[in-house]
Number of protein chains: 2
Amino acid sequence: MHFLFLLELKKLLINHHLMYEQLRAYINNGTSSIISDEEFKLVEQAFTPKIIKKKQFLLHEGMVCKYMSFIVKGTMRQYTIDQKGNEHIVRFGIENWWISDRDSFINLTPTKYCIDALEDTELLVTTNEKLINLRATSVHFNKMCQNLDEKHFSASQERIQAMISYTAEERFLHLMNTYPVFIQRIPQAMLASYLGITPETLSRIRKQVTLQNKSSR
Amino acid sequence: MHFLFLLELKKLLINHHLMYEQLRAYINNGTSSIISDEEFKLVEQAFTPKIIKKKQFLLHEGMVCKYMSFIVKGTMRQYTIDQKGNEHIVRFGIENWWISDRDSFINLTPTKYCIDALEDTELLVTTNEKLINLRATSVHFNKMCQNLDEKHFSASQERIQAMISYTAEERFLHLMNTYPVFIQRIPQAMLASYLGITPETLSRIRKQVTLQNKSSR
DNA sequence: AAATCTGCTTGATATTTGTCAAGCGAGCTT
DNA sequence: AAGCTCGCTTGACAAATATCAAGCAGATTT
């Protein structure tokens with residue numbers, strides 16, 4: 001009994017180690033110089049590993065979003081629920097992106113979003129206070145945050161532009177090109193919601209698209 | 001002749017002074033402590049005043065966006081032009097917001113956006129290098145940038161959510177509540193583009209809305 | 001194995017929005 | 001004052017998308 005417990009604990013620690021290592025790799029990825037062990041220790045201390053099982057919630061409508069989480073592995077979604085009970089997916093979260101409702105996180109206001117996991121997902125979680133401190137003390141980490149923010153800006157703008165200028169079919173093709181991972185991993189009904197259309201319409205669009213591909217070959 | 005020139009120059013300097021003062025006011029607005037004169041001098045030095053006349057371009061598709069501009073007064077639009085020649089407005093810029101294509105600004109890639117002025121607009125312009133230096137030297141300015149970024153994040157997310165969950169009419173009503181200034185200042189055809197609909201549809205929606213208001217009184 | 005559920009597809013029809021064409025009033029130019 | 005552009009509206013019709021209802025194959029539960 002004791003022995004099995006220790007074994008599980010060991011596995012857990014190894015897994016946690018791997019999670020931090022991926023964060024380290026991503027930090028190094030964005031800068032020319034490599035983050036030192038001492039500096040990375042500061043980063044480690046600011047984050048807590050967390051695993052969210054499929055369908056579990058990270059955030060629920062009405063809560064204040066106290067955490068900002070770096071996704072190490074897995075897929076999440078951030079969505080609202082309207083009066084009719086329909087879900088509208090604002091954002092998918094995958095590896096190497098933040099997941100959080102920044103508005104609620106910064107202003108401590110209740111969120112209107114839910115965030116849950118589409119598959120078992122590994123997170124590194126931090127608070128606003130720790131984040132602010134860490135950004136002030138670790139140059140490399142701060143740089144990573146800036147890069148992530150720019151990535152986020154760019155993605156949002158791209159999405160808005162697609163929504164106002166493209167038809168549903170064009171938006172789907174655009175998504176296929178930009179985030180092919182989404183198409184592979186995410187159930188079609190959720191992709192439809194993300195694209196702002198109904199599942200039925202997406203089904204017809206896909207049929208359309210595959211037919212066009214076949215005839216052009 | 002000499003005299004008139006000096007008079008014009010004086011007017012210009014006074015105007016420039018007022019522009020900087022507004023930036024100072026906005027910086028102070030976002031923090032608990034007030035920015036000192038020495039610190040604000042650093043801010044002043046990083047920016048150049050610029051006036052863009054109505055319909056003039058600040059940025060054109062294909063250029064690299066080398067500047068980030070703080071709007072002191074006026075209205076701008078950031079938009080794409082599709083193959084059919086239709087314009088799609090991604091964003092309006094008004095007082096106390098940045099205007100720039102951040103993606104191009106950061107990565108030095110050619111932009112796909114045009115930015116022009118809807119009315120004579122006063123800007124304080126800076127470069128990425130100056131911005132980075134200034135953020136490192138002025139705590140108050142850095143805080144303002146963070147606040148602006150959060151404002152931008154929040155607005156983008158809000159917009160995306162509106163696009164995927166609301167009908168055209170709901171989006172218009174939402175815009176009326178969120179940015180009534182837009183409705184007052186901006187020609188209807190451009191509002192339509194911003195909402196992702198045609199001018200004709202917006203015209204019909206407005207008719208609809210005013211009829212409903214009348215009957216409910 | 002039967003029953004249920006989930007994710008997706010398909011068809012018929014309704015609703016929303018776009019397209020094209022015309023018109024109208026206000027302000028501007030000549 | 002005549003003519004013109006601009007911003008907006010309106011009508012008739014077309015296209016895109018939603019809605020409702022049904023069905024179906026594969027996975028999961030009982």
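A, B, ... follow the sequence lines: proteins, then strands. Residue 1 opens every chain. What's counted below: heavy atoms across the whole structure, side chains too, no hydrogens, waters or symmetry copies.
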(message) Please confirm whether the shortest side-chain N or O distance from T201(B) to OP1 or OP2 of dT17(C) is below 4.0 Å.
(response)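 No, no such contact exists.
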(request) Indicate whether OP1 or OP2 belonging to dT10(C) is found under 4.0 Å from a side-chain N or O atom of K207(A). (result)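 Yes.
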(request) Tell me which nucleotide among dT10(C), dT17(C), dT10(D) gets nearest to the side chain of R204(A). (result)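 The answer is dT10(C), which lies nearest to the side chain.
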(request) Counting heavy atoms from C-beta on, name the nucleotide in dA21(C), dT9(C), dT19(D) closest to the side chain of K84(A). (result) dT19(D)
(request) Tell me whether the centres of the aromatic rings in F172(A) and Y166(A) are closer together than 6.0 Å. (result) no
(request) Check the angle between the aromatic planes of F141(A) and W98(A) and answer parallel, tilted or perpendicular using the 30° and 60° thresholds. (result)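 F141(A) and W98(A): perpendicular rings.
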(request) Might you confirm whether atom NZ of K112(B) has over 12 heavy atoms from other residues, nucleotides or ligands at distances under 6.0 Å? (result) yes
(request) Find out whether the Lys NZ or Arg CZ of R159(A) is both under 6.0 angstrom from the six-membered ring centre of Y194(A) and within 45° of the ring's axis. (result) yes
(request) Sort out for me which residue in W97(A), Y79(A), F182(A) forms a ring-ring contact (aromatic ring centres under 6.0 Å, His included) with F92(A). (result) F182(A)
(message) Based on the rotation axes of five pairs at each end, what angle does the helix from dA1(C)-dT30(D) to dT30(C)-dA1(D) bend through, to 10°?
(response) 30°
(message) Under a 3.5 Å threshold, yes or no: a donor from one side chain and an acceptor from the other, between D103(A) and S154(B)?
(response)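 Looking only at side-chain atoms, S154(B) and D103(A) do form a donor-acceptor pair, the distance falling under 3.5 Å.
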(message) At a heavy-atom distance below 4.0 Å, what parts of residues 185-197 of chain B sit against DNA chain D?
(response)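 Of all residues in residues 185-197 of chain B, the ones placing a heavy atom under 4.0 Å from DNA chain D are P187(B), Q188(B), A189(B).
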